[in-house]
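Numbered from 1 within each chain, the chains take letters A, B, ... in sequence-line order. Predicted, not measured: the structure shown is a model, and the values here were computed from it.
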Amino acid sequence: MTPEWVLPAFDAHAALVAPWTEHRDTFGWVGVMGFCVAAACGLLGNYLLLRRMALMGDAVSHSVLPGLVIAFLVSGGRGTGPMFAGALVAGLVATLIIDLLQSRTPLKQDAAIGIVFSTLFAIGVVLAVAFAGQIDLDPDCVLNGELLFVALEPSVAVGSLTLAPPAVIRMASVLALVIAVIVVGYRALLVSSFDPGIARSAGVHVRGVRLGLMLLLSLVVVSAFEAVGAVLVVAMLILPGATATLITERLPRMHGIAVVHAGASVWLGVGLAVWLDCSLAPAIVVAGAALFVAAWLMGPRGGLLIQLWERNRVQS
Amino acid sequence: MNRTVCGGFSGRRFGALVIGRGLAVLAAAALLVPWVQAQGTAGALGGEMAQAWRFLRLEDPAVRYVVWGTLLLGTTCGLLGGFMVVRRMALVGDALSHAVLPGVAVGFLWNMSRDPVAIFVGATIAGLIGTAFVSALTRTTRLKEDAALGLVLASFFAVGLCLLSLIQRLPSAQSAGLSHFLFGQAATIGPEDIRVMAVVAAVVILFVLALYKELVAVAFDAAFARSQGLPAAVVHHAFMFLLAAAVVIALQAVGVVLVSALLVTPAATAYLLTRSLPRLLLYSALLGGAAGLAGAFLSFLGPALPTGPLIVIAASVWFGVAVLFGPREGWCIRLWRRRVGVGRTRRENTLKSMYHVAEVDGFARAGVTLEELAARRRETVEEVRRLGVELRSHGLARLEREVLYFTPEGRRRAGEIVRNHRLWELYLTQSANFAPDHVHDHAENIEHVLGEAVVRELERRLNHARWDPHGRIIPSSSELERPAPLEGGGLR
Amino acid sequence: MPSSLSTPAIPPVLEIHDLTVAYRRKPVLWGVDLAVGPGQLVGIIGPNGAGKSTLIKACMGLTPVQGGWVRFWGRPFAEVCSRVGYVPQRETVDWDFPVSVMDVVLMGRYGRIGLFRRPSRADREVARACLEQVQLLPYADRQISNLSGGQQQRVFLARALAQEAEVYFMDEPFAGVDAATEASIVVVLRTLRDRGCTLFVVHHDLPTARQYFDRLLLLNLNVVAFGPTAEVFTADLLQRTYGGRLTLLSEVAQALGAQGGSR
């Protein structure tokens with residue numbers, strides 16, 4: 001390697017403690033926002049993993065782009081409402097087209113997802129470029145997210161009470177909604193994910209549950225989009241749940257582990273970003289991935305190290 | 001089985017339609033983009049034409065590089081994508097393309113420049129590590145393949161983004177070229193890149209030609225291939241290596257996010273068009289190459305239109321055309337088939353009713369009056385007349401003074417339908433233990449689709465029975481062969 | 001008998017010694033020993049999860065083995081793989097795969113054809129003959145997605161026949177097959193046996209197992225019994241295969257990590 005690229009020295013205090021004490025003004029809302037995104041995605045992701053729909057998140061997050069662009073062109077401004085609605089509609093349209101292709105052509109789900117997300121994303125890029133004069137869309141934001149910017153907006157004040165930046169409030173409400181849906185619909189979600197046949201006979205509206213889940217997915221992905229970008233949302237959806245499956249086999253505990261994973265990866269990720277001076281959202285995902293790898297190696301249930309040990313034992 | 005026969009027949013007739021409509025859609029797409037562009041930049045139409053002409057003459061070296069590049073990419077990815085779609089690993093390309101990003105960054109850090117070879121090596125290695133992770137995850141954990149793919153895809157991508165943001169902060173780095181890998185920038189394709197692409201394309205084509213047999217065997221049934229001593233693991237790894245290489249050469253033109261479309265979309269389109277693997281691969285490669293050319297052409301028409309997304313959109317247009325107008329499973333042909341089927345079933349039911357009426361008095365009279373038919377079908381005379389006119393227009397009956405007469409063809413068809421119905425009822429009651437009062441509705445549907453071979457088989461199995469479960473005569477095949485007299489009691 | 005002393009003993013067609021296979025933490029096969037001679041039709045029976053398929057796969061090196069060895073005619077599988085045929089379970093492949101019946105049967109020849117070469121006319125003739133034998137010749141050019149379950153199974157059988165092997169491993173060839181097809185498959189199996197082939201057939205239907213096979217291998221984690229059907233098909237041995245003592249063994253296997261027991 002060339003000498004000019006050297007790893008900065010690691011200062012544990014500056015990376016892991018200082019952001020939350022001395023620099024709380026800068027990182028406080030970043031932390032809250034990051035946690036809300038990661039926790040909402042992680043909780044919902046558990047169910048996507050159960051239903052083998054992990055990559056639907058990928059499709060929805062990519063289709064958000066044309067939704068945003070079209071909403072911008074139609075409404076003529078960056079108003080939160082129309083942009084949000086446009087992205088949501090695009091996400092739902094993507095899931096509907098995927099379902100349609102899957103049921104009405106000989107293609108399987110993988111091909112359907114691959115075609116739909118790339119087409120919609122390509123349309124989004126072309127529109128964004130073609131109307132570049134009118135749209136101010138940063139390609140970096142689409143991929144990296146703007147976590148720092150989102151959390152640095154001026155806080156909303158109600159009367160004399162200063163609350164939080166608007167994006168944080170939005171994301172926190174989405175997280176609350178996800179939690180509420182899981183608490184209220186836990187049984188229906190569980191049964192229809194595990195065995196649609198039994199669920200139907202027990203009076204659960206399986207298609208309705210699926211549609212609701214897709215709606216919730218679109219909502220979460222769209223709200224997380226501006227913070228973490230199109231691709232990293234997928235990591236946020238899958239990593240916490242995947243880590244949890246390595247640690248426990250019981251769904252209720254998986255929720256807890258997913259939330260812990262979300263919190264820990266935000267903490268470590270901010271540390272990583274401070275240390276290396278790199279983008280925030282990717283750093284949080286890298287930290288989450290590192291936690292996953294740690295669970296993979298050392299997990300109590302079928303961790304790699306345990307498997308290795310078992311094998312030697314059987315052999316001897 | 002009737003469906004396949006019908007498909008073969010209508011498929012050919014639909015082929016011409018498909019091509020025609022496909023071209024129309026293409027033309028529309030080709031017109032739409034310049035229009036959008038014109039709206040955006042208020043460019044004159046004359047300028048567009050001149051630009052298109054410039055493209056078509058291929059004199060500009062930059063144009064030649066882009067054309068060659070996109071053509072090579074589309075063909076290479078299409079060919080490899082064919083195998084991926086039939087192996088149901090379409091999204092592996094997606095994971096691979098995102099996983100190469102850290103390799104691109106490391107390749108850049110290697111000597112601090114956009115050196116195509118260093119980046120190619122770094123990216124290919126990173127992609128292979130990514131796919132190795134996917135297979136290790138699915139083997140050693142309870143995660144399913146989709147979760148493993150998504151996890152590797154996004155995690156590697158995050159690592160790559162971190163590294164890129166580091167690089168962008170380096171004081172001396174000429175990192176401007178690197179962002180092209182995210183969204184693609186076909187205009188930056190130079191002679192050096194073309195050479196790399198040509199080598200990869202040549203290796204891929206030779207590989208597929210030389211090891212076609214092994215590739216198919218491994219793709220269809222890897223365990224069986226291994227049990228025969230075929231080098232399944234070597235073939236698989238070589239394939240993944242070439243796939244990684246193809247993804248990497250495509251990155252620069254199409255960008256990380258959209259590379260997988262080059263692999264999946266042309267192959268999925270071909271999958272809708274044919275069920276023969278060699279043909280599927282050929283179509284896929286051709287469609288990929290055509291998408292590359294179309295994308296290059298369209299992007300050339302406007303000053304700032306990105307090539308990569310336009311290639312993807314072109315490929316998606318082919319796909320949409322195939323979904324709607326495909327000769328085998330296209331939505332239009334299905335609709336058409338259903339309409340044809342509905343019409344035929346209606347006519348056959350009318351013939352059957354005529355047969356039933358005529359049967360009552362042992363085919364003593366020459367014709368069936370519309371009134372009798374209406375009473376039999378519980379419909380108005382007006383409705384029945386319409387049915388009669390339909391029969392006449394198909395040469396199955398004559399309609400004279402409110403009386404319908406079978407033509408010889410109509411008489412034969414009516415006999416066949418009644419025979420099918422009664423044979424099937426008999427078969428259900430005798431061999432499948434259905435109660436006699438349950439079988440009628442089944443037979444109502446089956447009678448229209450039983451083929452000649454199945455009927456012979458049924459007759460054989462039922463020992464050429466003469467009577468159906470309700471005690472009525474079953475017209476036999478041999479009697480239907482020779483034209484019975486219209487007013488024959490010949491059947492009895 | 002001096003002559004038998006001077007000639008070396010002919011090695012058995014298949015010899016398995018102390019074979020142990022584990023999946024994750026759980027042993028699936030545990031110290032399996034077996035020796036089988038030529039010209040036998042062997043049924044492998046046992047409860048679900050007894051390791052029947054795993055035994056077949058381990059013999060052909062398709063699954064990693066933790067201990068023991070497998071020999072065919074005294075040699076490792078890799079040296080004789082062209083003499084061993086295989087019928088995998090029907091569900092293991094994607095029947096929407098775009099190939100024809102003929103293509104699939106020709107795959108049985110690939111081990112012999114060698115790398116880089118195309119199937120010759122002679123290979124096609126063999127494949128046609130094999131299709132004829134399972135009464136599927138009229139379907140040769142059909143796409144495999146248009147086949148019924150029984151036809152799919154017969155395609156797999158024809159592919160194995162095209163291997164022209166001397167030992168066959170068949171994983172549940174009767175699963176999801178109607179009675180007529182089952183009978184026709186049994187005829188093919190017996191023809192092969194009469195030609196001197198040795199066949200190992202995983203089967204799960206006890207009454208028919210008694211009719212079909214010369215010898216039975218009762219398997220549950222290890223070999224419960226192996227011998228002529230008449231001797232092995234006893235209430236006592238079946239009880240030991242499907243319940244009772246042996247389930248204790250499997251419980252121990254599952255708890256192996258905690259118990260720390262090893263053979």
Query raised in the report: What residue pairs, at least two apart or across chains, pass ring-ring contact (aromatic ring centres under 6.0 Å, His included) with a residue in residues 93-117 of chain A?
Result: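 Listed by first then second residue: A:His62-A:Phe117.
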Please flag which part of [X] lies under 4.5 Å from any non-hydrogen atom of chain A: side chain, backbone, both or neither.
X: B:Ala136; result: both
X: B:Leu151; result: both
X: B:Val323; result: side chain
X: B:Thr265; result: both

Identify which part of [X] has an atom lying under 4.5 Å from any heavy atom of chain B, answering side chain, backbone, both or neither.
X: A:Asp277; answer: both
X: A:Met236; answer: neither
X: A:Ile115; answer: both
X: A:Leu101; answer: side chain

Does any part of the side chain of [Y], heavy atoms only, come nearer than 4.5 Å to the side chain of [X], both counted from C-beta?
X: A:Thr105; Y: B:Tyr271; answer: no
X: B:Leu161; Y: A:Leu232; answer: yes
X: B:Leu143; Y: A:Trp296; answer: no
X: A:Pro106; Y: B:Leu272; answer: yes

Query raised in the report: What pairs meet the side-chain hydrogen bond (donor to acceptor under 3.5 Å, both in side chains) rule with one or both residues in residues 113-125 of chain A, with sequence neighbours excluded?
Result: A:Thr119-B:Ser316
Query - Residue pair A:Thr245, B:Thr141: steps toward the side chain to side chain contact (heavy atoms under 4.5 Å, CB included) verdict - result: CA-CA 9 Å; A:Thr245 56; B:Thr141 70; over 6 Å; no
Query raised in the report: Shortest non-hydrogen contact from B:Gly150 to A:Leu55?
Result: CA-CD2, 3.7 Å
Requested in this report: Examine distances only and state if a side-chain atom of B:Arg88 and a backbone atom of A:Asp110 form a donor-acceptor pair shorter than 3.5 Å.
Outcome: no
Query - Whether B:Trp331 side chain and A:Arg104 backbone form a donor-acceptor pair below 3.5 Å - result: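 Yes: the side chain of B:Trp331 pairs with the backbone of A:Arg104.
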Query raised in the report: Can you tell which of B:Ala315, B:Ala147, B:Gly255 has the highest number of heavy-atom pairs within less than 4.5 Å of chain A?
Result: B:Ala147
Query raised in the report: Is it the case that more than 12 heavy atoms not belonging to B:Phe83 sit under 6.0 Å from its CZ atom?
Result: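 Counting neighbours around CZ of B:Phe83, more than 12 heavy atoms of other residues, nucleotides or ligands fall under 6.0 Å, so yes.
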